[in-house]
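This report concerns only the one structure given below.
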Amino acid sequence: MVREKHIKAQGISIVLCGQAGMGIQTVEGILTGMLKLAGYNVFATKEYMSRVRGGNNSTEIRVSSKPVSAYIDRIDILVPLNKGAISHLRDRISADTVIIGEAELLGDEVSGDKLKFVETPFTKIANDLGNKIYSNVVATGTLAGLLGMKLDEVCEYIKRAFSTKAADMISNNVKAAEAGFRLAADVSTKADIKISISPDAGVKDQIIPSGADAIAIGAMAGGCNFVSAYPMTPSTSVLSFMAKHGRDSGIIVEQAEDEISAINMAIGAWYCGARAMVTTSGGGFALMVEGVSLAGMLESPVVISLGQRPAPATGLPTRTEQADIELALYAGHGEFPRIIFAPGTLEQAFYLTARAFNLADKFQMPVFVLSDQYLVDSYYNTAAFDVSKVKVEKYVVKTATDYKRYEITPDGISPRGIPGFGKGLVCVDSDEHDAEGHITEDLGLRTRMVDKRLRKLESAKAEVIEPQLYPNCKYKNLVVCWGSTYPVVKEAIELLGKSDTSLLHYSQIYPLHPQTADYLSKAKRVVIVEGNATAQFAKLIKLHAGFDIEHKILKYSGLQFSVEEVAVALKKILK
Amino acid sequence: MVREKHIKAQGISIVLCGQAGMGIQTVEGILTGMLKLAGYNVFATKEYMSRVRGGNNSTEIRVSSKPVSAYIDRIDILVPLNKGAISHLRDRISADTVIIGEAELLGDEVSGDKLKFVETPFTKIANDLGNKIYSNVVATGTLAGLLGMKLDEVCEYIKRAFSTKAADMISNNVKAAEAGFRLAADVSTKADIKISISPDAGVKDQIIPSGADAIAIGAMAGGCNFVSAYPMTPSTSVLSFMAKHGRDSGIIVEQAEDEISAINMAIGAWYCGARAMVTTSGGGFALMVEGVSLAGMLESPVVISLGQRPAPATGLPTRTEQADIELALYAGHGEFPRIIFAPGTLEQAFYLTARAFNLADKFQMPVFVLSDQYLVDSYYNTAAFDVSKVKVEKYVVKTATDYKRYEITPDGISPRGIPGFGKGLVCVDSDEHDAEGHITEDLGLRTRMVDKRLRKLESAKAEVIEPQLYPNCKYKNLVVCWGSTYPVVKEAIELLGKSDTSLLHYSQIYPLHPQTADYLSKAKRVVIVEGNATAQFAKLIKLHAGFDIEHKILKYSGLQFSVEEVAVALKKILK
Amino acid sequence: MDTNVFDMGEIDIAWCPGCGDYGILNVLKKALAELDIAPEKLVMVSGIGQAAKIPHYLKTNFFNGLHGRALPPATAIKAANPSMTVIAESGDGDMYGEGGNHFIHTIRRNPGITNIVHNNMVYGLTKGQASPTSQLGFKTPVQVAGVTLEPFNPLAVAIALDAGFVARAFIGDADKTKEILKKAITHKGYALVDIFQPCVTFNKVNTWQWFKEHTYYLEDSYDPHDRSAAFKRALETEKLPLGIFYINPNKSAFEDNVGIYQQDNRPLFEREPDVNRLRMLIRKIRAAG
Amino acid sequence: MDTNVFDMGEIDIAWCPGCGDYGILNVLKKALAELDIAPEKLVMVSGIGQAAKIPHYLKTNFFNGLHGRALPPATAIKAANPSMTVIAESGDGDMYGEGGNHFIHTIRRNPGITNIVHNNMVYGLTKGQASPTSQLGFKTPVQVAGVTLEPFNPLAVAIALDAGFVARAFIGDADKTKEILKKAITHKGYALVDIFQPCVTFNKVNTWQWFKEHTYYLEDSYDPHDRSAAFKRALETEKLPLGIFYINPNKSAFEDNVGIYQQDNRPLFEREPDVNRLRMLIRKIRAAG
Ligand SMILES: Cc1ncc(C[n+]2csc(CCOP(=O)(O)OP(=O)(O)O)c2C)c(N)n1
Ligand SMILES: Cc1ncc(C[n+]2csc(CCOP(=O)(O)OP(=O)(O)O)c2C)c(N)n1
Ligand code: SF4
Ligand code: SF4
Ligand SMILES: [Mg+2]
Ligand SMILES: [Mg+2]
C-alpha cells in the first residue's frame, strides 16, 4: 500500500550492519558498483564508530528507479552481520523490515516474532566453497537477486572486481555470488516482498563519486597543485584522494607535522605561485586560526576544505555535525574578509571547490569549503562533472621593477605578483605594512590598509552564489537549510507533499546572499534546519539579513538528519 | 578662557616624546611617583613603537585637582627629547602648547614661529654635573616646578628614588632636580602659563596601578596560583607581574614553549586543583583556540587574560584595538558556553579578574578578561583595591568512591572533583563521554551532554554584571561602549555637556545583560563607540538583544580614542 | 598490591585483536601494582589515537586531552600536586608529530612524569598514514610513493636534549618491558620509554616478527651514564637496541624548580591566597618613592 | 655581483646600536653577492622577533610571516619553485621555541633551504625573557629566579635528526661566518647555521666579550662526516666550538622527493591542470567493475 508506493517512488533501502573489519565495505562496494553499472540509481551512506575493529557500523544503500541522494530511516532489507547489529538499529526496524542473515551469528536478537527474519546460510555456502570469507559475496549475490538484477551481469561484475586475484579466488567468488543469487527467490517468497526497480537509461553515463571525491576532483579542476594537511577524520579522504592521484597530475601532496605547519605551508605555496589547499576538520582547523589571520594580513589566497564533525574537542570523530560555521566565520584575530561555501550535492562540491580556487586567487582571501562527515562519506550517481565548465582563472601578474604588492586600489584588490615572475620584488609582511610590504607604524596608513582589506568583501559580495529555491518560487512556508542537508530536506518536502512549502538552500553561506531578507520575508512561516544545537546559520541570517527565524529544527546527536524526521518535524510546525 | 577653565576642571596634560631608550620612562616614573605621593591626581598613558631603541614614543601625563583617567589629545606642555618628536605629535600641538626643550637637539622642528617654544638647557645643566644622563632628572625638576610642587618634596622623592645608587649619584640627581626646578619660574614667565592644581586629600591613601597590575593583583586575589603563558605584547606585563610576585605567594609561573602548551598546562592545572590563568594577546590566543574547545568539552575552568592589539596577524604589536570580541566569543570548534569580561577601569580590572576565577570554577567554563594595550599600559590613582571584598570561592568537592565527573544535573553543573582529594577517581575526556568520563558512542547521551553543557550558560546568565549607566537614567541619547574606552567616553560626555545624553558601559560583554534591549530602546538615539572597524559589540547586541544600533563611532588606527575625538564625533551625531 | 585494583571489569576495548597495545596495558598494570601505586594516587594523561585510549582501560584518574597535547597538562598536574604519580602516554604520532614541540621542551623542563610512547611506526586511529617514526619507503594511502622523510629517532633526540632517563622496549618481551617501566616510573624527573608496539592492521612491515628480528638488548655491561656513547647506540639501525640507553641522575625536577614547595609542601588545591601579603603588595605598586 | 644590489638605501633600522644583528645582515649580503644570487631569485622567509626583521633590510623578495612559522612557508616556497634560493631566518625563540616542531620536522623533510638562526640566548623583541637557548641561571623579568630549563642545544638536536648540514658561527668573526654561510647556501637540502649574536640590550651575560671568550673553531683536521663525533663536539660547553659540525651529503632534498619535477621542471605557477587526465580520472571513480 503506502509503503509499496513509497518504495516504487523512492526505491528500496538496504542496510548492512556489522563490526568494523567484517566486510560491510566489500558488500557495499560490489553491490553499489554492479547496480550503478547496470543502470540503477544508487545512494550509499555510512555511520561508523571511531575504532578500527569491532563496534557496530552500518551502511545504508538505496536503490531506486529515480535518482536518490538522501539518508532515510526506513530499512526495507536489513543484513545484520553480528550480534548487536539488530539492537543497534532497533529504532529503524519496522514490522515490514525484511531481515536476512544467520540466526547462529545473531543470537537471540532475531528470536522476537515481531521481526520478519529469513534465514540465509551465507556462511555455510561459503564454507562449502572452502572459506568463510566468501560469505560476504554470497550475501551480495542474494541482494542482487532480490533487486532483480540479471545473474550474468552479477557474475560478470564479480569476475572483474576480483580480476587481480588468483584464478581460484575469482571462480569461487563467482560461485559464491551465484549461490547467493539463487537464495533470493526463497527470501522473496518467505518474506513476501517483490521489488520492481527499473534501470534508468541515463545512469550508465553518470559517475558515482563520494563527497570527498567530488571535493578533491573539484580542487584538481580548480587548478590545485599543492595540498598540505594533517590527517583528521572526516577530512582524510580528500587528502588521500589527492595523494593517490596527485603525483601524476603534478600536484604536491604533503602530510605536515601538524595543522599549523599545513596552513603556513599552503600560504607559502600561494605566495610562490602555487594554488594550495589544506584539508582538515574542526579540531585541526582550530589550530589554523592564527594562519587564517596571516592569510588575512598577507592578503594571501588559501583554500580550506573543512569537514565538520561533532565537537567540542575530540567529540565524536567519525560522526557528523554542522557546528563550525561560526568558527570558520570568525577564525583569526583582527578583521578581514573571507568566503564560505557549503555544498549540498556532489555537483556543488565539485563546482564550488573549483570556484574556491578562482575566488581565493581573485580576492586574495581565505575561501572555505565547509563539508561534513555525512557529505564526505556519502555517494550516489550523478552527471559526470563537466571539466570544460570550469576555467582555471589565474590572477597573478608579471611584476615590473617598481612593483608594489599592497598598492591601494578602489576595490581593495592589489595586483598579486609572485617571486620569480617578472622583474619586481614581492614582499609580504604579517605586520601592518605599507604598499611595498614593509613594516609601518604610520597609523593613518594603518587605517587605510584596514579599509582596503575590508573593501574586498564588497567585491566578493558581487559574486555571491544564489541560494536554490525548490520547488516553487511561490510559497507560504519556507524551509531554509545549508550545506549537506539539502537532499534530505528536499526529499522531506516531497514526502510532506505540501504545495505551499518551498526549500531555500544556501551553498554559499558567507557573504550572505543580499536577497536573503526578501526570500524570507515573502514567507508566512520560515523554518530552519541545521545540524547543530544553537542554530548558527540562523544567527548569521539574523545578523546579516536582519531576519529572525522563529522555527528551528536542530539535531546534534552525531547522526545526519533523516528524511522522515525532517518531514515529521516540519509537519508539526506547519500543521 | 575656555582653555584655562578646562585646565582647571581637567588638569594639565604633559607629553614627553623621544626615542625608545632615551629615558622617557625615567621622567614619567619619577614625576608621576612624586605627584601621586604629594597628593595630586595623576594619569599616565603611553604610545610606543614595536622596537627596542629609536623611533618615536610618547607618554602623556595628566595632573589634575580631580581624578582623571582618560587619554586626551590636548597637550599643555610638551617635552620633546629628539628630532622627530615634534613632527610625530604635530596634530596634537596647538598654539597654546608650551614646548620646553633644547633647540640644539630638536633641530629646525622648533624654528616655526607658530610654536610656543622655551629653551631649557637640560643637557648643559646635566653636563655641568658631570654626565648628560642627569638631563632627564633636570627635566623632571622643571616639570615639578611648573606644576607647583614644593622643592623639598621633590628633593626628598629623588633621594628615595635613587636610594640604592652610589652616594654621588644620589646627590647629583638631587642637584639636577633642584636645577631643573629652578628653571620653572623662567618657563612660566616666558610661556605665560600659570598652573594651579591642588593636591587632593584622598589621593595619598590611594594606589596607582596600571591595568596590567590591576589584572595581576585581581588574579592573585581570586586565588590564582598557576600561570602558564608565552610572552606577547601587550600581555607580557601581567605575566611579568605574576612572575615577580608569584613565588613568594606560592604561585607557579611558567613560560611555556608556545601558547598551545600554555593553555593545555592551565587546563591540566585546574584538573589537579590549581586555579590557573593564561595571559596572551590575539595572535597567541589564536593558537589556543583548540584548547578553549578542550576546556569546553572537559568542562574545565580556565581564565584567559587576553590583551588586544591591532591585527590581523602580527599587526601593530605595541598598539591598541578592540577587535577580538568575536574571536573570543566564537573560539573553539563545537558549541559550549563561556563568559567574557571587559574591564573599563582599574577597579573593574581588579574585581572582574578575581571574579573570573570564581565563575570559572563555579560554571566550569572558560572565562575571558578582555583588555587591550591601552588599558594594560595606562595607570592612575584609584582607591586601594579592597581584598576583603573578594572571596576566593572554591567549588571543588571531595569525591566518594562512586564519584562521576559528568553527572547530568538540572543546571548542567556537575560537582567537580580533583584527583588526590577524596576516594573517587576523576576521569575527564576530550571525546564525547558518559557521566564517568569514558568515551561514548551513545548518540542519545551525546545529545543530553550537549544540552547539559549549554544549560550552564543559563546559569551563568543569572550572574551577569549590569552595565553602568552614567550620569542619568533618564536620557534621550545613549552612548554605548565596552572595555577600556569607558573613562574616555565618560569624559567626552562630560565635555559635551548635554544633559540628555548618557553612557552605558559594559564590563561584561557575554553573556549579554538581559536588559540590554530595554536600556537601548528607551533612547531616541543610540551611538556605539568601539575600537574596531566592524562594530563587533554592536553585532553582538544585534544578535542577542535584537537591537540594531544605527550610529557607530569606530577607530582602528592603533591609537586609543581621545576624549576630544569622541566628543566631536558625538556632537556631529547628536546635533 | 594486586594488579586487579586497576581492572575495569567487563569493558569493550576498541583495539584490534592481536594489537600490541594490549600487552602494554597489561605490563603497565603489573608495573604499577608491583610499585604499590594506588589508583587514586595516579593520573594517566593521554592525547588522541589508539594508544591514547589506554587510560580508559585501567581504573585510575585520567586526563584524556587533545591530540598531541598530553605533556603540557601532565607537567601542570605534577606541578600542582607533586605527590601524584603522573604518566603521559600516547602514540608516536601524538607525541613526536603533533606534540613534537612539547616533547622537546618538556624534556628541557624535566617534570617528574613518565612518558610512555606506543611506537607502532604508523597512525593507527586515522587508518594508516605515516607517523614520524615510519621507516623510509613505507607506503600508505597518503605516502603513496613511500615515506621520504628521515624517520624521527626519539632516543637520539631525547639524549641530545639531555633527558634524565631514556629507554626503549618491545612489548613482545613483557617482563623486560615491565622492568624498564618500573625504573622509569621511579626515576625522579622526566623519563622516556619508547615501546615498539606492532599495529597488526595498518603496519604490515613492522610486524611482531619484524620487531623480534630487528631488536636486541643492550649488553649488561652497558653503562647508561655516558651521553655520547648513548647517542651512538641510539643511532644503530641494522638492529635496534632495547633497554635503558641513558640516565642522568643529576637533574632537578620541574616541580622542585618552581620554588613554591620548599617551605610548604601542600599541593596547590589546599592553599589560599595570603591576604596580608596581598594587601602589602597592593600598597607597594609604583610606590618607588 | 656587487653587494650593493641588496642595499635598501636610507632606511630606518629598528635594531639597537651595537647589536649583533647588523653584522649578520652585512655578512649575509656579502655571501649572497659572492655567490651571485640575484635579489629576484632569492626569497627571505622569517618569523617575528628582532632577528626576523632582517628581510626588511635587504632588497629581495620576502615572506615575513608569523612568529615561529618561517620553516613551513619556506619549505613550500622551495617546493613550488625549486629554482629560487630560499633562506629562512629568525631568532632563537622563533625557531627553537614557538617553531620547535617545524624545526624538527623540517630537518626530517630536508627541503633545500638555508636556516639561519640569530642565537642571542634571549627574546629581544619582547624585552628580555628567556629563550630556549638561555643559559641556566639567566635572570629575566619572567625567569626571576633564573632559568632552570636545560638550554636547548640546536646542533645536538639537528645532528640527532641527521640534518644534512649543521654549523655554528659567531658574528664577532664576520669573515668566517660568511664562509660558513656560503657553504650552507650552496648545500643541497636543509642547512642549519646557528649564529651567536650578542643582544646588547637584554642579555648582559652573553656579551660580545663572553662569546669571544667562550668560543673557538673546530680544528682544520676535524671531519664533519662522522655523526657521533659531531654530536660529541656539539655537547662541549666549557668552550663552544664554531664551524661546520656535520655534513651528510647523501640525502635527497624534499623538492626532489615530491616526485613532480622529474619529468617536468616547470615551477607550479607555470602549470595548468591536465584536462584530459582529469576527465579520465572522473570516469574512473568507483568504477572498479
Ligand atoms: C588536532 C588534531 N589533528 C588530528 C587529529 C586526528 N588524529 C587522531 S589520532 C591521530 C594519529 C594517531 O596516531 P598515533 O599517535 O601514532 O596513535 P596510534 O593510533 O597509532 O596508536 C590523528 C592524526 C586529531 N584528533 N586532532
Ligand atoms: C604567536 C605569537 N606569540 C608571541 C609573539 C610575541 N613575540 C614576538 S617576537 C618574540 C620572541 C622573539 O625572540 P627571538 O625569536 O629570540 O628573536 P629576537 O628578538 O631575540 O631576535 C615573541 C615572544 C608573537 N608575535 N606571536
Ligand atoms: S589499528 Fe593498529 S594500533 Fe590500533 S588497535 Fe588496531 S592494531 Fe592496534
Ligand atoms: S633588543 Fe637585542 S637583539 Fe634586539 S636589536 Fe636590540 S640588541 Fe639586538
Ligand atoms: Mg602510532
Ligand atoms: Mg633571540
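Note on naming: letters A, B, ... go to the chains in the order of the sequence lines (proteins, then strands), and numbering restarts at 1 for each one. Scope of the values below: all heavy atoms of this structure, side chains included, with no hydrogens, waters or symmetry mates.
- The side-chain heavy atoms of Y330(B) and L327(A), taken from C-beta on, include no pair separated by under 4.5 Å.
- Interface residues of residues 536-543 of chain B toward chain A, defined by a heavy-atom distance below 4.5 Å and sorted by number: Q536(B), K539(B), K542(B), L543(B).
- Contact count versus chain A (heavy atoms, under 4.5 Å) is highest, among E432(B), Q308(B), E326(B), for E326(B).
- For the pair E441(B) and R319(A), the salt-bridge criterion is met [side-chain N within less than 4.0 Å of a carboxylate O].
- Proximity to chain A is limited to the side chain of R453(B), based on heavy atoms less than 4.5 angstrom apart.
- Put simply, of L454(A), N532(A), T440(A), D548(A), the one with the most heavy-atom pairs under 4.5 Å next to chain B is N532(A).
- A side chain to side chain contact (heavy atoms under 4.5 Å, CB included) with S557(B) is found for one member of D442(A), T447(A), L445(A) and no other, namely T447(A).
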Please report, to 0.1 Å, the donor-acceptor pairs under 3.5 Å made by any side chain of residues 288-302 of chain B, with sequence neighbours excluded.
unit_1: S293(B); atom_1: OG; unit_2: A313(A); atom_2: N; d: 2.8
unit_1: S293(B); atom_1: OG; unit_2: H333(B); atom_2: O; d: 2.8
unit_1: S293(B); atom_1: OG; unit_2: H333(B); atom_2: ND1; d: 3.3
unit_1: E299(B); atom_1: OE1; unit_2: K452(B); atom_2: NZ; d: 3.2
unit_1: E299(B); atom_1: OE1; unit_2: K456(B); atom_2: NZ; d: 2.8
unit_1: E299(B); atom_1: OE2; unit_2: K452(B); atom_2: NZ; d: 3.2

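- Only the side chain of F336(B) has a heavy atom closer than 4.5 Å to any heavy atom of chain A.
- Inspection of non-hydrogen atoms places Y48(B), M49(B), S50(B) of residues 46-57 of chain B under 4.5 Å from chain A.
- Of the two parts of P310(B), the backbone and the side chain both hold a non-hydrogen atom closer than 4.5 Å to a non-hydrogen atom of chain A.
- Contact residues of residues 256-264 of chain B toward chain A are I260(B) (heavy-atom distance under 4.5 Å).
- Within the 3.5 Å criterion, the main-chain N or O of G558(B) finds no donor-acceptor partner in the side chain of R446(A).
- For CD of E458(A), the number of neighbouring non-hydrogen atoms (other residues, nucleotides, ligands) closer than 6.0 Å is greater than 12.
- Put simply, the side chain of D431(A) never gets that close to the backbone of L316(B): no donor and acceptor are under 3.5 Å apart.
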